[in-house]
A.B. asks: 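If you scroll down you'll find the structure; I have some questions about it.
Lettering of chains follows the sequences in order, A, B, ..., and the numbering in each one begins at 1.
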Amino acid sequence: MHHVVLERWSRRESTLHCRDPRAKAVALVIFLVIVATTHRSFAGAACAYFLLLVALLVWARLPLLAVLARAALVLPFTLVFALISVVAGDPHRALLLMGKSYLSALAVLLVVGTTPLPRLLRAFESLGAPRFLLMVAQFVYRYLFVIAEEAQHMRVAAASRGASASPAARFRAAAGALAVLFARSYARAEAIHRAMLARGFEGRFRLLSVLRFGWADAVFLLLAVAAPLAVRLALEAGA
Amino acid sequence: MHIPDGFLATPVWGSLDVAAVPAVGLLVRRAQRGFDESKAPLLGVMGAFVFAAQMINFPVGIGTSGHLVGGALLAITLGPAAAGVVMTAILAIQALVFQDGGVLALGANVINMAVAGVLAGYLPFRYWGAGKWRKPAIFLGAMLSVLVSAVLALAQLLISGVAMPASVLGLSLALFVASAALEGAITLAVVQALETIQPGLVPKPQARGSFIRGALASAAVLLAVVGVLFASAQPDGLEKLAQNVGLSSQARVLFTTPLADYEAGFLRSPWLRKATAGMAGLVLIYAACVLFGRVVSRNRSS
């Protein structure tokens with residue numbers, strides 16, 4: 001399953017992995033804004049942004065081709081709208097849609113691939129996001145694949161019991177399976193909560209290491225903002 | 001429909017991000033009133049359930065199948081505020097880990113699905129959930145939740161200038177209605193199955209609304225959906241109205257003056273000027289939000 005890949009990537013070691021997650025989060029948002037607001041001479045700017053991201057990916061020692069392929073997950077959805085734009089007589093917008101959505105996904109992957117999710121969520125918390133929401137998000141991520149595996153088992157079981165019944169019967173069977181899954185998830189959540197209380201949970205998760213924003217992080221943030229900005233200004237001055 | 005980054009015009013995603021911050025803050029506060037902080041595991045695991053539910057296919061006729069979206073089911077079982085928090089968490093995880101929906105567009109997706117979708121999904125249940133209209137209420141709520149989210153997303157794309165021929169627009173609307181009806185049928189079937197295997201898990205709202213009020217509220221939501229769609233398909237109409245009333249010139253002055261001084265003369269590039277003004281605005285809004293939050297939380301705790 002592909003989340004495991006992301007877990008492996010984010011726990012590698014590189015200069016980029018060591019940066020404070022707050023610096024990466026802020027740099028990501030600013031980069032996304034710069035990409036989103038580029039309209040004139042987009043093709044050139046897009047190539048420059050792409051090269052910048054590729055350089056960072058290499059620097060972070062992430063598997064380049066795998067990351068590029070994973071970012072392409074956005075493309076099927078985008079392609080539909082790009083085609084609609086071309087049909088509607090707006091090919092420039094089709095280019096904008098494809099370029100911007102791919103570059104944005106790549107930038108997000110760069111940050112998520114170099115930062116373990118708990119650290120990233122803690123960075124959001126110290127930037128002002130509500131802690132309760134982030135705890136819920138962390139639980140979603142933690143149990144996502146546990147519950148999905150349970151659903152997978154139920155699907156196999158249903159198929160092996162004979163899935164050739166009438167559509168109405170299969171519809172009812174699927175609804176029954178979901179209801180069972182719901183009730184089991186509910187019970188599992190209560191068990192998890194009791195186990196957490198038994199282990200002395202005090203209302204917040206602890207990180208193994210404290211977040212520290214040092215000089216290197218400040219320099220990284222400055223460079224990460226300055227580079228795309230410089231590209232853009234240079235291109236706009238030339239145009 | 002999760003909107004990726006790059007689809008929405010800057011004013012659209014910007015304003016929706018700004019709107020989503022207090023909305024999510026309110027949802028979190030309401031959700032914590034019902035569930036104390038230590039109940040976070042319940043909401044998280046139910047979010048994981050919504051993810052996993054996509055793997056169970058429901059047959060819809062020849063060869064095709066659909067799956068549960070889940071906003072209305074969560075709203076009915078956990079309450080609207082908690083369901084909104086769960087959906088927001090799911091959207092954040094999807095944007096970060098699965099490249100499904102953008103980060104800048106997260107505000108738009110949250111408003112569409114976690115706020116408007118969940119509230120619309122809960123509305124009929126709130127009024128009719130206790131009486132003999134319970135089943136239609138669940139069906140209608142799930143239908144409304146999908147319809148509202150989809151139409152809002154479509155409207156935001158249209159306002160952002162993504163051109164769509166009328167035939168494509170009509171086709172996607174028909175698809176929305178069909179998938180909304182499917183969501184209604186799935187949600188109703190799951191709730192009924194849930195009530196037979198574990199009675200009491202699905203709460204009954206206190207009967208506080210009359211039939212008329214419920215009907216009025218649902219009709220209002222439907223009308224709003226249709227109105228939003230028309231308005232975004234022809235935004236010129238609104239602009240013309242504003243011009244006729246003389247509103248738009250005044251509004252423009254009102255919107256630009258506060259940051260006009262920030263357009264410092266030494267910055268030659270028009271874009272850089274705009275960007276600095278925009279960034280200054282963002283920082284101001286961020287500071288205001290943090291300050292407001294501090295003041296409110298201090299007042300609460302004292």
A.B. asks: As an exercise: rank A:L109, A:L134, A:L117 by heavy-atom pairs under 4.5 Å with chain B and give me the winner.
C.D. replies: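 Counting heavy-atom pairs under 4.5 Å, the top option is A:L109.
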A.B. asks: Can you say whether B:D100 sits under 4.5 Å from chain A via the side chain, the backbone, both, or neither, judging by heavy atoms?
C.D. replies: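 For B:D100, neither part sits under 4.5 Å from chain A.
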A.B. asks: Going by the angle between their ring planes, with limits at 30° and 60°, are A:F139 and A:Y143 parallel, tilted or perpendicular?
C.D. replies: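 Answer is parallel, since the angle falls under 30°.
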A.B. asks: With a 4.5 angstrom heavy-atom cut-off, could you sort out which part of B:L8 is near chain A: side chain, backbone, both or neither?
C.D. replies: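 Neither part; nothing is under 4.5 Å.
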A.B. asks: Side chain, backbone, both or neither: which part of B:S167 has a heavy atom under 4.5 Å from chain A?
C.D. replies: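 Contact with chain A: none, neither part.
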A.B. asks: Checking an interface table here. Which of residues 118-127 of chain A come within a heavy-atom distance under 4.5 Å of chain B?
C.D. replies: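 From residues 118-127 of chain A, the residues near chain B are A:L120, A:F124, A:L127.
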A.B. asks: At a heavy-atom distance under 4.5 Å, which candidate from A:V74, A:D90, A:I192, A:L181 has the highest pair count against chain B?
C.D. replies: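 Ranked by contacts with chain B, first place is A:L181.
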A.B. asks: Looking at B:L96, B:V85, B:I197, which has the largest count of heavy-atom pairs under 4.5 Å with chain A?
C.D. replies: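 That would be B:L96.
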A.B. asks: Pick one of side chain, backbone, both or neither for B:Q99, based on which atoms fall under 4.5 Å of a heavy atom in chain A.
C.D. replies: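 When you check distances to chain A, atoms from both the backbone and side chain of B:Q99 fall under 4.5 Å.
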A.B. asks: Of the backbone (N, CA, C, O) and the side chain (C-beta and beyond), which part of A:V146 lies under 4.5 Å from a heavy atom of chain B, both, or neither?
C.D. replies: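 It is neither, since no heavy atom gets under 4.5 Å.
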A.B. asks: Mind telling me whether A:F81 and B:F7 have parallel, tilted or perpendicular rings, with 30° and 60° as the class edges?
C.D. replies: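 If you compare the ring of B:F7 with that of A:F81, the planes turn out perpendicular.
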A.B. asks: Ignoring hydrogens and angles, state whether a donor on the side chain of B:T77 or A:Y186 is under 3.5 Å from an acceptor on the partner side chain.
C.D. replies: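 Judged by distance alone, the side chains do not pair up.
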A.B. asks: Measuring only between side-chain heavy atoms, which start at C-beta, is B:M87 closer than 4.5 Å to B:L74?
C.D. replies: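 Side chain of B:M87 against side chain of B:L74, heavy atoms only: contact under 4.5 Å found.
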A.B. asks: What heavy-atom pair brings B:A83 and B:V118 nearest, and what distance separates the two atoms?
C.D. replies: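 Heavy atoms of B:A83 and B:V118 come nearest at CB-CG1, 3.9 Å.
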A.B. asks: Quick check on B:A53 against chain A: is it the side chain, the backbone, both or neither that has a heavy atom closer than 4.5 Å?
C.D. replies: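 Both backbone and side chain of B:A53 come within 4.5 Å of chain A.
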A.B. asks: Taking ring-ring contact (aromatic ring centres under 6.0 Å, His included) as the test, write out the residues that go with B:F58, two or more places apart.
C.D. replies: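 Expected list: A:F171.
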A.B. asks: Going by the rule side-chain hydrogen bond (donor to acceptor under 3.5 Å, both in side chains), which residues pair with B:D17 if we only count those two or more places apart in sequence or in a different chain?
C.D. replies: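 Testing B:D17 for side-chain hydrogen bond (donor to acceptor under 3.5 Å, both in side chains), a comparison that skips the adjacent residues, returns none.
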A.B. asks: In terms of heavy-atom pairs under 4.5 Å with chain A, which of B:L157, B:V86, B:V162 leads?
C.D. replies: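 Highest number of heavy-atom pairs under 4.5 Å: B:V162.
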A.B. asks: Say whether, by atom type as modelled, one donor and one acceptor occur between the side chain of B:E183 and the main chain of B:V69 under 3.5 angstrom.
C.D. replies: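 Indeed, once roles are kept as given, a pair shorter than 3.5 Å links the two residues.
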A.B. asks: What part of B:V50 gets closer than 4.5 Å to chain A, counting heavy atoms only: side chain, backbone, both or neither?
C.D. replies: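 The answer is neither part of B:V50.
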A.B. asks: Taking A:T114 for its side chain and A:V111 for its backbone only, find out whether a donor-acceptor pair lies under 3.5 Å.
C.D. replies: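 Indeed, once roles are kept as given, a pair shorter than 3.5 Å links the two residues.
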A.B. asks: Is a donor from one side chain sitting under 3.5 angstrom from an acceptor on the other, for B:T10 and A:T37?
C.D. replies: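 Result is no, nothing qualifies.
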A.B. asks: With a 4.5 Å cut-off on side-chain heavy atoms, are B:W13 and B:D5 touching?
C.D. replies: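 A side-chain contact is absent here, since even the closest heavy-atom pair is not under 4.5 Å.
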A.B. asks: Highest number of heavy-atom pairs under 4.5 Å with chain B: which of A:L178, A:V180, A:L103?
C.D. replies: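 Ranked by contacts with chain B, first place is A:L178.
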A.B. asks: Is there a side-chain contact between A:V67 and A:W9 in this structure, where contact means two heavy atoms from C-beta onward sitting under 4.5 Å apart?
C.D. replies: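 Yes, at least one pair of side-chain atoms sits under 4.5 Å.
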A.B. asks: Under the ring-ring contact (aromatic ring centres under 6.0 Å, His included) test, which residues partner B:F51, sequence neighbours left out?
C.D. replies: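 Partners of B:F51 under the ring-ring contact (aromatic ring centres under 6.0 Å, His included) test: B:F98.
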A.B. asks: Can you tell me which portion of B:A185 sits under 4.5 Å from chain A's heavy atoms? Options are side chain, backbone, both or neither.
C.D. replies: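 Backbone plus side chain of B:A185, per the 4.5 Å heavy-atom cut-off to chain A.
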A.B. asks: For B:L68, is it the side chain, the backbone, both or neither that has a heavy atom under 4.5 Å from a heavy atom of chain A?
C.D. replies: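 Contact with chain A: side chain only.
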